[in-house]
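Heads up, the thing below is written out as structure tokens.
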Amino acid sequence: MASPSIPAIERAVLASWEAGDTFRRSVANRDAGENGSNEFVFYDGPPFANGLPHYGHLLTGYVKDVVPRYQTMRGKHVERRFGWDTHGLPAELEAERILGITDKSQIEAMGIEAFNAACRESVLRYTKEWQDYVTRQARWVDFENDYKTLDPTFMESVIWAFKQLYDKGLAYEGFRVLPYCWRDETPLSNHELRMDDDVYQMRQDPALTVGLRLLSGEYLLIWTTTPWTLPSHQAVAVNPDVAYVVVEPAQGSPLAASVPDGEAPPRVILAEARLAAYARELGEDARVVETIQGSDLVGAHYHPPFPFFADEAAYAERDQAARDALGVAPEDNPHAFGVIAGDFVTTEDGTGLVHMAPAFGEDDMAACDAVGITPVVTVDSGGRFTALVPDYEGVQVFDANAAIIADLKAGSGPLAAVPADARPIVLRHETYDHSYPHCWRCRNPLIYKAVSSWFVRVTQFRDRMVELNQEIAWTPEHIRDGQFGKWLAGARDWSISRNRYWGTPIPVWVSDDPAYPRIDVYGSLEELARDFGDVPRNDLGQPDLHRPWVDQLTRPNPDDPRPDDQRSTMRRIPDVLDVWFDSGSMPFAQVHYPFENADWFEHHYPGDFIVEYIGQTRGWFYTLHVLATALFDRPAFRSAISHGIVLGSDGRKMSKSLRNYPDVTEVLDRDGSDAMRWFLMASPILRGGNLVVTEEGIRAEVRGVLLPLWNAWYFFALYANTMHDGEGYRAQRVSPDADGRLAGYTEMDRYLLARTHDLARDVTRAADAYDIAGACQLIREHIDLLTNWYVRTQRQRFWDEDTTAYDTLWTALEALTRIMAPFAPLLTEEIWRGLTGEESVHLTDWPVTVRTEARAESASHEDAFTSRPARTLYDVEPALVPDPDLVAAMDRVREVVSTAHALRKAAKVRVRQPLRSLAVVLADEAEAAAFEPFAPIVASEVNLKEVRLEDLGSDAAARYGVVTRLTVNARAAGPRLGKQVQQVIRAAREGDWAQDADGTVTAGGVALVEGEYELVTQAAGTGEGELAVAVLPGGGFVVLDLALDAELRAEGYARDVVRQVQDARKAADLHVTDRIVLRLGVAEHHRAAAQAHRAFIAKETLAVALELDVVPEVDVPKGGVAVVELARAEADAETGDAERATAEVTE
RNA sequence: GGGCCUAUAGCUCAGUCGGUUAGAGCGCUUCCCUGAUAAGGAAGAGGUCCCGCGUUCGAGUCGCGGUAGGCCCA
């Protein structure tokens, strides 16, 4: 059909693939080669399937299909295993939702076993739907031989990786500051903070400005909205690049008044930019004693706000318990209570000096860690102060604010024991309204709190990661040294433990008695079995590393010499691994390395190709690279596409609630998968840009690419099938003769084949460079050429049953569908099957195009065939004969046609009006000769009786008048002439130049040397009389003879009549093959013309009878040339022979 | 606040090593053509190449500083 239902075609193709097992065979057809030498290794980035796929998944899925399909056709063996990401917090939250519970205590109450069972069910809930979507998008991927991160084999490889890191000293335990819900007694991930818009709510907190007394006497002003963190204070941070001032408060200011008469008022230090904000306390005319840089303050020491950790000995003793509980080795804190540098310090609010409580702030932790200050955790899991802060022990931190503020102001409580001149002062106490994070479950205000965590010591091999990144080919290129490279260079240690339930367990067992410490790390089921007597087993008795089964493995501490009944026990730490550790382990864990497939893995790592959206530079791309570097000292992948973000039709992020994007199912049902694939693949999104998805955009690709391709095929099939009186014609592949020539084919045929050759060559180049959008652009241009140049100009040959035309079009379409197959796999499949009668385009080979070299080589080295790898490029596409000269000549033809049309247009002569002649004047005889074969094409396109070729060497120059124009090659002349080149260019443009007798060209007074200029000959004017002259863009010119005689006018008139009748036919809703009875009424002065072309008119309009009358001119309708009346011919005439009918009319 | 990216015609985007007069597709206007095509052809309108400074004989392109937007981080 001419207007096909593409989705229907697609469904039929999909069904045939399933029936024919085509995917599996396309993989199996290709030899993997020795040690996988002929494999293309693709890693599937596991999606988290806890929901349905959206455009982002579809986009990535299409790329994940295009590249392997292409490589398969190139002859590679490409395994494609689907991966499922199954662990992690999203799964747990979904399980909580299903189970109707909201916090960890409820999980503990119901039991981890039941909870994890719910998690497992939730992550596999949508696998069927995913499979359906992936199948519908024509993505070939192996669902049977898939991998899941919850598989015991996968998990065993993951704990192996952890142990490797531990053994290399690259895994350690430390602190990590997280949002923490003291009511639910659980840390939250940063992701949970962004989960709901109303997680951040306005809240009123006390804000204190406190002065801490430097040993030199001045007070550092710090500002905090969490007074409860002051007892845990460890340092003050300043921005080293900010200016600070030492200020003496004005006489009579509140601060000056606070000291007894006679005593000097205290001097305070704050950022210069914040001085005005404290005018109330310091007085309007407070005196700036000194201005200093932040860096000058770094290292200064002061008296802490509270005395809890001031006494080194007491601190060490009291903190020991907390440290022991966390398993951290004791170390002192010599740097505490000093000024440290922090780039994050701003002067937007506060004082420009920031109070650091490293256990309760991320910045605090990082800045203190940099100078060796360890956090002091003074708050228990319920948010209450511990014995480390005896004065407030047991008080919830928010409740403690009031008491802390009161003690600070009054010097009471713990400060009573501190000498007055070492106490802090409270400069300001205000109420602060700010946006503050709340627990998304219980709506209580969160705190930030240090929790114990395991880390990968990324900082230790960070530089190596940067080096290895240089070996990766990124698309777009800037990712390598930009977003990804910069991220690597600034990488911090990776926190990999999560205080959760559903994940790969951290395989660390510790003694439960600090008196007899011991740590065991396990990297395999076998090691576990050795120490615990058996592997962990679930309720079905199957090996299962998940909690709670793995936690049930305990044993007496071998390092504990006490009798058995008193011995300490080795227990697993409760944490599970960050899910990103799972996905980073995917290359080896999917094959259960090193327990199985060690040899395979060696030869398939790094992988050849991965693709994800740009955000994965901090996600999958990153974790793959971290583990690859740490474990194997090589990159995990050779090339990566990092695509942009898919936006909704309004340019904003796609949002379910806004409904700002086309429904996926609707698009697939109406326009089809290939339309969506092409739309996405041809878009800038694969070059890193963002993409707005609109239905119009998708439809535009259907109209611009898919339908023209289909119609080219439909045109071919329609006429090939009706050839030889309906017997049909089976087209042959064009094949060159022994000399490699396409003798017997027209220029246009050879041109199409040469262009198809170029297409294959250029698309190969683009696809090899992962420039998928570029490949699509090339194909789009080629389809335009095929349909709107070749087919349109050659239609008559098809109606004339010229078999070379059929063979040529068949060959071109067959190659085109192969080239396009990865980018529109369903539609090309249907067309290719129609063309060849064979099974699948995806089981064939990519058109390879190095025939010239291969021919020479294979001729001289006959044995080269056998000694070369399977798919080296031999004479596989003999029909696609490159011909650069022919391609260039045809470009000239299109120039000539276009220019001649422009002349007609300027002279207001319609194309239907035949003209006598066109002269094409080219530079020399050779060019004219090369053009000669195309003269008929020009004649028919421009509607000319004759196309003459002339060259400038003939008398054409004299007859039409020519000028010579000077063009300067700035690239060549610029370096030699320097500044003068501008002068020369201007002179050349203005005609201010001359050529000497000896040939020297001088422009603007400057002599030019060979190669710096070009002399171009052009027609001078627009021609004389009825000759119209126009310059060709590539040099040369055309001269169109606009003179009309009666004969030409008559012919033009006849064609006008035909046109009008065709319109009337269309208006009468006639079928294109319907015969008609026609009556024409023409004006007297057109009678002769109509008579002369009566047969032509009848033939063109399929008129079996034509009655011709003369009517008064006024009866002819406006816009028409005749009065037209027509009716469908009677049935017997309709079935009669058209030519006989025409003959009757002629008589 | 930091890092990265982007900014070129009404829209979506190309623009190579810095080289003379900056392109394509779509859209728009007018005209033409039309027995495969939901098409095709021609002409036209439409540009402060985000702004500024600099380097250079010459800058859409290179450098610096801004502005706006996107992504990520904080």
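Not measured: the values here are computed from a predicted model. A, B, ... follow the sequence lines: proteins, then strands. Residue 1 opens every chain. For the numbers below, each heavy atom of this structure counts, side chains included, while hydrogens, waters and symmetry mates do not.
Rounding to the nearest 0.5 Å gives a distance of 8.5 Å between CZ of A:Arg795 and OH of A:Tyr719. One distance of note links CG of A:Leu709 with CG of A:Asp784; it measures 12.5 Å at 0.5 Å rounding. The CD atom of A:Gln483 sits 11.5 Å away from the CD atom of A:Gln616 when rounded to the nearest 0.5 Å. If you take CD on A:Glu781 and CG on A:Leu785, they are separated by 10.0 Å, rounding to the nearest 0.5 Å.
Within the 4.0 angstrom heavy-atom criterion, only backbone atoms of the sugar-phosphate kind lie near A:Arg1055; the bases stay farther away. Residue A:Ala717 is classed as having no contact, given no heavy-atom separation below 4.0 Å to the nucleic acid. No contact: A:Trp713 has no heavy atom under 4.0 Å from any strand. Using a 4.0 Å heavy-atom criterion, one finds that A:Ser683 contacts no nucleic acid atom at all. Base contact: A:Val791 has a heavy atom under 4.0 Å from a base atom. Nucleic acid contact for A:Pro684: sugar-phosphate only, since backbone atoms but no base atoms lie under 4.0 Å from a heavy atom of the residue. Within the 4.0 angstrom heavy-atom criterion, only backbone atoms of the sugar-phosphate kind lie near A:Asp363; the bases stay farther away.
Both A:Arg699 and A:Arg894 lie near RNA chain B, and the one whose nearest nucleotide falls closer to the 5' end is A:Arg699. For the pair A:Val897 and A:Arg795, nearest-nucleotide mapping onto RNA chain B gives the more 5' position to A:Arg795.
Both distances falling under 3.5 Å, in either a Watson-Crick or a G-U wobble arrangement, occur for no nucleotide opposite B:rA59. Using the Watson-Crick or G-U wobble rule with both distances under 3.5 Å, B:rA24 pairs with B:rU12. Base pairing of B:rC64: its partner is B:rG52, meeting the Watson-Crick or G-U wobble criterion (both donor-acceptor distances under 3.5 Å). Remark: B:rU29 base-pairs with B:rA43. Criterion, Watson-Crick or G-U wobble with two distances under 3.5 Å. Base pairing analysis places B:rG1 opposite B:rC73; the two distances defining the Watson-Crick or G-U wobble pair are each below 3.5 Å.
Atom OH of A:Tyr790 is separated from atom P of B:rA39 by 24 Å (rounded to the nearest Å). Spacing between atom CD1 of A:Ile614 and atom C1' of B:rU6 amounts to 11 Å, rounded to whole angstrom units. Here B:rA24 presents its C1' atom at 8 Å from CD of A:Glu781, a figure rounded to the nearest Å. Per the geometry, NE2 belonging to A:His901 stands 16 Å off C1' belonging to B:rU30, to the nearest Å. Straight-line distance from the CG atom of A:Leu718 to the C1' atom of B:rG35: 11 Å, rounded to whole Å. Whole-Å rounding puts the A:Phe715 CZ to B:rU34 C1' distance at 14 Å. Rounded to an integer number of Å, the gap from A:Asn711 CG to B:rA39 P is 11 Å. The distance between atom CZ of A:Arg670 and atom P of B:rA38, rounded to the nearest whole Å, is 19 Å.
Straight-line distance between the C1' atoms of B:rG52 and B:rG40: roughly 47 Å, to the nearest whole Å. Taking atom C1' in both B:rG25 and B:rG15, the straight-line distance is 15 Å, to the nearest Å. Remark: the separation of the P atoms in B:rG70 and B:rC28 is 30 Å, to the nearest Å. Comparing the C1' positions of B:rG60 and B:rC51 gives an interatomic distance of 14 Å, to the nearest angstrom. Going from the P atom of B:rU34 to that of B:rG44 covers 23 Å, rounded to whole Å. For the P atoms, the distance from B:rG23 to B:rG47 is 15 Å, rounded to whole Å. For the P atoms, the distance linking B:rA43 with B:rG65 amounts to 45 Å, nearest Å. Look at the C1' atom in both B:rG27 and B:rG46: the space between them is 11 Å, to the nearest Å.
Listed nucleotides: B:rA36, B:rU34, B:rC73. Nearest to the side chain of A:Trp799: B:rA36. In this structure, the nucleotide among B:rC4, B:rG41, B:rU34 sitting nearest to the side chain of A:Lys486 is B:rC4. Of all nucleotides listed (B:rC4, B:rA38, B:rA36), B:rA36 comes nearest to the side chain of A:Tyr714.
Side-chain contact between A:Leu488 and A:Arg462: absent, with no pair of heavy atoms (C-beta onward) separated by less than 4.5 Å.
In this structure, A:Arg912 reaches the B:rU34 phosphate: one of its side-chain N or O atoms is under 4.0 Å from OP1 or OP2. Dashed line: the shortest gap from a side-chain N or O of A:Tyr719 to OP1 or OP2 of B:rA36 is under 4.0 Å.
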- request: Would you sort out whether A:Arg176 and A:Glu362 count as a salt bridge (charged side-chain N to carboxylate O under 4.0 Å, His left out), showing the intermediate values?
  value: CA-CA 8 Å; A:Arg176 171 179 199 227; A:Glu362 270 192 281; over 6 Å; no
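In plain terms, the two heavy atoms of A:Val893 and A:Phe934 that are nearest each other are CG2-CB, 3.3 Å.
A:Glu941 has no carboxylate O lying under 4.0 Å from a charged side-chain N of A:Arg894, or vice versa, which leaves the two without a salt bridge.
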